[in-house]
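Okay, so here's the structure we're looking at.
Position 1 is the first residue of the sequence, and the numbers go up from there. Predicted model only: the values in this text are computed from it and were never measured.
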Amino acid sequence: MLATSTAARSLLRATRFTSSTGRTLAPATAQTALSAIRSFASIEPYADYGKSVFTGRVADEYLKKHGSSGDILSDPSWTKTHADTVAKAVLDWAVDRGANTYCHWFQPMASSGVRHGQTGQVQNMMMKFNRTTNDVEFDFDGKMLIKGETDGSSYPNGGLRATHQAGGYLAIDTSSPIFLRGDTVFIPSAFVSYYGAALDEKTPLLRSNMAISKHAKRLLKHLGLDIGDKEVVSNIGLEQEFFLVPREMYYKRPDLQLAGRTIIGKDAPRGQEMCDHYMAPPSLANPALACMQEIQDECWRLGIPLKTRHREVAPNQYEFAPLYGYNTTQIDQNLMVMQIIEEVSARHGLAALLQEKPFNDVNGSGKHNNWSIATEDGTMMLHPAKINAATGNPASFAVIMSAIIAAVNEHGDLLRMAIASPGNDFRLGACEAPPAIVSTYLGDDMTFYLSHFKDGKGEGEYIPQTKMLDLGTHEVLPFEVPAEDRNRTSPFPYGGARFEFRAVGSSQNPSMVNTVLNTIVAEKFAELADKCDAGADIHDLAREALNENWRVIFNGNNYDPEMQEELTNRGIWRIDSGVEAIARLTDPKSIALFQKMKVLTKEECESRQQILHDHYTGTVEIEAKCLVDMIQQHIIPSVKSAGVGPLSDLQKAVVTLKEALAEIHNAEDSYTKAQLSRVLRLETMIDIRGVCDAAEEVVPANLWTLATYKELLFLDQHTSTGPEDPTFYDE
């Protein structure tokens with residue numbers, strides 16, 4: 001039996017051949033016929049991949065029909081000089097692809113965990129009726145393409161606008177390509193108020209891109225490389241983890257449906273203790289593989305290079321990973337990937353869980369943010385050999401690293417703030433994610449090299465070491481591996497010409513994460529460049545920065561409690577509470593940073609803090625209300641029917657939850673509400689969970705009305721599937 005997606009089966013059918021007698025050949029026979037025609041693999045079955053994104057050859061083809069070319073899209077000024085031309089080309093492309101609708105596609109704040117797709121859009125038909133003839137005609141021009149307006153009154157704004165100032169304005173983001181899905185063209189856009197205040201996740205990221213480009217270019221010039229009008233860009237790769245559970249069981253869990261995580265639930269007899277799920281072969285006996293195949297197929301058609309798929313550590317946990325790219329494009333694509341995961345899974349009888357910690361006592365999910373910087377023409381600034389060769393300066397890499405290390409040490413609080421999603425409350429430091437102590441791992445070789453540099457013992461080029469592994473067999477020849485192992489416990493390890501920010505939550509829009517990374521590094525680049533402009537020696541400045549910030553480098557085990565104590569004693573940023581981490585946004589140090597780099601104003605920092613605290617409180621309120629309903633509508637009736645269980649404690653728990661919610665509602669400000677919500681969530685609700693789980697332990701299974709961990713977490717043992725179409729056999 002073949003458990004493949006509809007798209008995969010269509011490709012299989014496409015390879016079938018008809019013989020001269022009219023008889024249809026099965027795939028094996030067809031392959032013989034195929035090999036007689038050609039001897040090389042053909043990309044033709046995948047020719048449609050990428051055709052639904054307006055860039056590259058696709059854009060060039062349609063723009064040439066209107067007397068231009070795809071080259072104009074590389075300069076943002078096309079929005080002023082060629083907007084109508086691009087609009088005509090987009091319209092032609094859209095109609096050819098079966099689309100007749102467009103929208104400006106933007107990213108409201110505080111969307112993670114609650115808003116489907118995490119984006120906003122108003123969809124408009126690209127047609128109208130002629131007022132004279134009443135004939136239908138196309139209605140889409142350059143003005144419609146580059147700018148939009150919507151009612152911004154109901155989006156989180158943190159006080160940036162009043163009810164009577166409801167205008168929200170949308171402007172196309174030329175750094176991320178237009179794409180279409182179904183009948184709709186999506187135009188990636190920034191979303192701001194009438195006065196230009198950022199109401200979205202994207203606008204600060206775009207500003208931070210300007211900041212890091214400006215100051216990285218200044219630094220590179222002092223190091224010996226003048227890139228002229230070209231930019232320095234921030235590239236990322238976003239690994240996306242998630243769970244797939246049977247949809248039938250999902251409907252039996254109000255907490256999963258409304259809050260995204262299980263608020264109660266006794267552990268199943270089996271968890272991840274045998275490590276049997278991690279990278280195990282996808283099973284053809286359940287729909288997970290077919291679901292993932294269809295997700296990949298749809299993503300590739302949208303130009304999203306979703307290259308890798310595999311099982312993760314926890315039961316029913318999976319991961320996708322794309323090829324890396326420019327940060328705005330990657331983030332836009334990641335948001336669409338998450339939406340597609342949710343939508344496609346439903347078609348396969350599954351529910352996708354993107355929340356960071358949907359289940360207790362098994363791993364949670366992250367979105368590892370692999371961050372690097374490079375010149376626009378491809379010189380990688382975090383690749384020792386390449387940046388040193390490009391600058392002609394063997395110490396360039398050390399100088400750049402000194403700035404990044406200083407940024408992490410000084411602004412570790414903002415890095416912690418950037419990952420303070422509600423779901424990360426239960427994930428950080430829980431074996432699948434680093435603890436909330438912001439250090440960086442460099443590895444022994446790199447640490448030794450930078451140590452020699454800072455101590456003035458040498459400025460030679462850093463050459464990463466390798467070693468050979470000999471397995472002692474004839475069949476597997478000795479092979480080369482890096483000298484440094486991987487450190488999964490570090491929040492910000494270096495490796496492979498990039499830093500991996502491992503603590504990012506799976507449900508997050510990673511814009512704030514990358515805004516912070518860009519901004520804090522841009523500041524340190526600016527400080528070095530300013531001092532060089534004043535006559536200081538760049539190498540001396542780098543040595544000074546390394547000596548002052550050396551404490552943030554840690555190559556050990558971040559999970560070890562003794563090591564955590566040592567890091568805390570060093571004075572490295574440690575903020576265990578996400579609520580307190582969010583409050584760092586309005587610290588004078590943070591406001592000064594964002595203002596100096598022209599990324600956020602003081603008012604925008606204040607508004608985001610309020611929005612994030614409100615988002616945290618709202619999340620906890622949803623969870624607490626779900627818990628009240630589950631106790632009253634499911635657990636208490638089950639306990640009464642069984643005649644066993646902690647009935648009195650359950651009744652008291654409902655009263656406790658309602659009183660806590662009332663206290664939160666009566667608090668005066670967002671910060672206080674969030675602080676009270678954290679106590680409710682991480683203390684009161686955990687205690688009540690113990691009572692509920694004790695009830696589940698004694699109530700007979702036939703009287704327990706909520707789906708259990710056993711029913712939710714083991715697709716291989718609970719589900720089976722067959723192909724939608726008959727399997728092709730040789731005739």
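Within the 4.5 Å cutoff, the side chain of Gln339 has heavy atoms near those of the Arg181 side chain. Using a 4.5 Å heavy-atom cutoff, the side chains of Pro491 and Arg502 are not in contact. Looking at heavy atoms from C-beta onward, Asn334 lies out of side-chain contact with Pro322 at the 4.5 angstrom threshold. Side-chain contact between Gln107 and Lys202 is present, with at least one heavy-atom pair separated by less than 4.5 Å. Proximity of Val245 to Leu715: side-chain heavy atoms (C-beta onward) are nowhere separated by under 4.5 Å. Side-chain contact between Lys673 and His613 is absent, with no heavy-atom pair separated by less than 4.5 Å. Side-chain atoms of His615 and Met109, non-hydrogen and from C-beta on, never get closer than 4.5 Å to each other. Looking at Ile236 and Arg498, their side chains never come closer than 4.5 Å, going by heavy atoms from C-beta outward.
Taking the six-membered ring where the residue is Trp, Phe492 and Trp371 present tilted rings, their angle falling between 30° and 60°. Note: Phe320 and Phe242 have parallel aromatic rings, judged against thresholds of 30 and 60 degrees for the angle between ring planes.
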inquiry  = Working note: Glu342 + Val337, criterion side chain to side chain contact (heavy atoms under 4.5 Å, CB included); need CA distance, chi angles, decisive distance, verdict.
reply    = CA-CA 9 Å; Glu342 289 189 328; Val337 166; over 6 Å; no

key: Asp173 and Ser176: CA distance, side-chain angles, deciding distance, side-chain hydrogen bond (donor to acceptor under 3.5 Å, both in side chains) verdict   = CA-CA 6 Å; Asp173 169 19; Ser176 189; 4.8 Å; no

message = For a side-chain hydrogen bond (donor to acceptor under 3.5 Å, both in side chains) check, start with the C-alpha distance between Gln317 and Arg311, then their side-chain angles and the critical distance, and finish with the verdict.
response = CA-CA 6 Å; Gln317 189 183 30; Arg311 294 198 194 216; over 6 Å; no

query = Given Thr203 and Phe191, is the side chain to side chain contact (heavy atoms under 4.5 Å, CB included) satisfied, shown in steps?
reply = CA-CA 7 Å; Thr203 300; Phe191 179 45; 5.8 Å; no

task = Mind running side chain to side chain contact (heavy atoms under 4.5 Å, CB included) on Ile688 and Ile264 for me, showing each step along the way?
result = CA-CA 9 Å; Ile688 293 173; Ile264 64 167; over 6 Å; no

request  = Check the pair Gln118 / Glu201 against side chain to side chain contact (heavy atoms under 4.5 Å, CB included), numbers first and verdict last.
outcome  = CA-CA 10 Å; Gln118 298 200 33; Glu201 302 275 8; over 6 Å; no

request  = Could you give me the CA-CA distance, side-chain angles and deciding distance for Ser112 and Asn509, then say whether side-chain hydrogen bond (donor to acceptor under 3.5 Å, both in side chains) is met?
outcome  = CA-CA 7 Å; Ser112 66; Asn509 180 322; over 6 Å; no

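The line from OG1 of Thr328 to CD of Gln333 is 9.5 Å long, rounded to the nearest 0.5 Å. Distance check: His348 NE2 to Glu343 CD gives 12.5 Å after rounding to the nearest 0.5 Å. Note: Gln293 CD to Glu298 CD = 14.0 Å, rounded to the nearest 0.5 Å. Rounded to the nearest 0.5 angstrom, Leu244 CG and Ile341 CD1 are separated by 8.0 Å. Distance OG1/Thr515 to CD1/Ile331: 7.0 Å, rounded to 0.5 Å. Here the straight-line distance linking atom CZ of Arg253 with atom CG of Leu258 works out to 12.0 Å at 0.5 Å rounding.
Side-chain atoms of Gln355 never come within 3.5 Å of backbone atoms of Arg261 as a donor-acceptor pair (strictly under, hydrogens ignored). Side-chain atoms of Lys252 do not come within 3.5 Å of backbone N or O of Ala707 as any donor-acceptor pair. For the pair Gln508 (side chain) and Gly505 (backbone), a donor-acceptor distance under 3.5 Å is present. Not a single donor-acceptor pair under 3.5 Å links the side chain of Asn327 to the backbone N or O of Asn235. Put simply, the side chain of Arg416 gets close to the backbone of Ile575: a donor and an acceptor are under 3.5 Å apart. Panel note: side chain Trp300, backbone Gly50; no donor-acceptor pair is recorded below 3.5 Å. Glu294 places no side-chain N or O within donor-acceptor distance of the main-chain N or O of Cys291, the cut-off being under 3.5 Å. Judged purely by atom type and a 3.5 angstrom limit, His718 has no side-chain atom pairing as donor or acceptor with the backbone of Pro246.
Every residue meeting the side chain to side chain contact (heavy atoms under 4.5 Å, CB included) condition with Asp267, not counting sequence neighbours, appears here in chain and number order: Asn360, Asp361, Tyr709. Judged as a side-chain hydrogen bond (donor to acceptor under 3.5 Å, both in side chains), and not counting sequence neighbours, the contacts of Ser577 are Arg678. In this view, Asp425 and Tyr616, Arg681, Leu682 satisfy the side chain to side chain contact (heavy atoms under 4.5 Å, CB included) rule, not counting sequence neighbours.
Using a 4.0 Å cut-off between charged side-chain N and carboxylate O, Glu241 and Lys367 make no salt bridge.
Side chains of Arg97 and Ser52: a donor on one and an acceptor on the other come within 3.5 Å. A donor-acceptor contact closer than 3.5 angstrom is absent between the side chains of Asp332 and Thr329. Counting only N and O atoms by type, the side chains of Asn363 and Gln272 include a donor and acceptor under 3.5 Å apart. The closest side-chain donor-acceptor pair between Glu580 and Gln675 falls under 3.5 angstrom. No side-chain donor from either of His104 and Gln121 sits under 3.5 Å from a side-chain acceptor of the other. Looking at Glu621 and His665, their side chains do bring a donor and an acceptor atom within 3.5 Å of each other.
Screening residues 255-285 for ring pair (Phe, Tyr, Trp, His ring centres under 6.0 Å), with sequence neighbours left out, gives His277-Tyr318. For the side chain to side chain donor-acceptor pair (under 3.5 Å) condition, the pairs that include at least one residue of residues 625-639, sequence neighbours left out, are His634-Thr705.
Minimum heavy-atom separation, Ile187 to Tyr102: CD1-CD1, 3.9 Å. Taking both residues in full, the closest heavy atoms of Gln610 and Gly158 are given as OE1-O, 3.7 Å, listed atom of the first, atom of the second, then distance. Listed here is the closest heavy atom pair of Ala503 and Asn424: O-ND2, 3.0 Å. Counting all heavy atoms, side chain and backbone alike, Ile419 lies closest to Val513 at CG2-CG2, 4.2 Å. Across every non-hydrogen atom of Ser283 and Asp716, the tightest pair is CB-OD1, 3.6 Å. In terms of heavy-atom proximity, Ala280 sits nearest to Asp276 at CB-O, 3.4 Å.
Of the candidates Phe359, Tyr250, Phe714, Phe359 is the only one forming a ring-ring contact (aromatic ring centres under 6.0 Å, His included) with Phe243.
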May I have the list of side-chain donor-acceptor pairs in residues 691-698 shorter than 3.5 Å, sequence neighbours left out?
{"from": "Asp693", "atom 1": "OD1", "to": "Gly265", "atom 2": "N", "distance (Å)": "2.8"}
{"from": "Asp693", "atom 1": "OD2", "to": "Arg689", "atom 2": "NE", "distance (Å)": "3.4"}
{"from": "Glu696", "atom 1": "OE1", "to": "Lys266", "atom 2": "N", "distance (Å)": "2.9"}

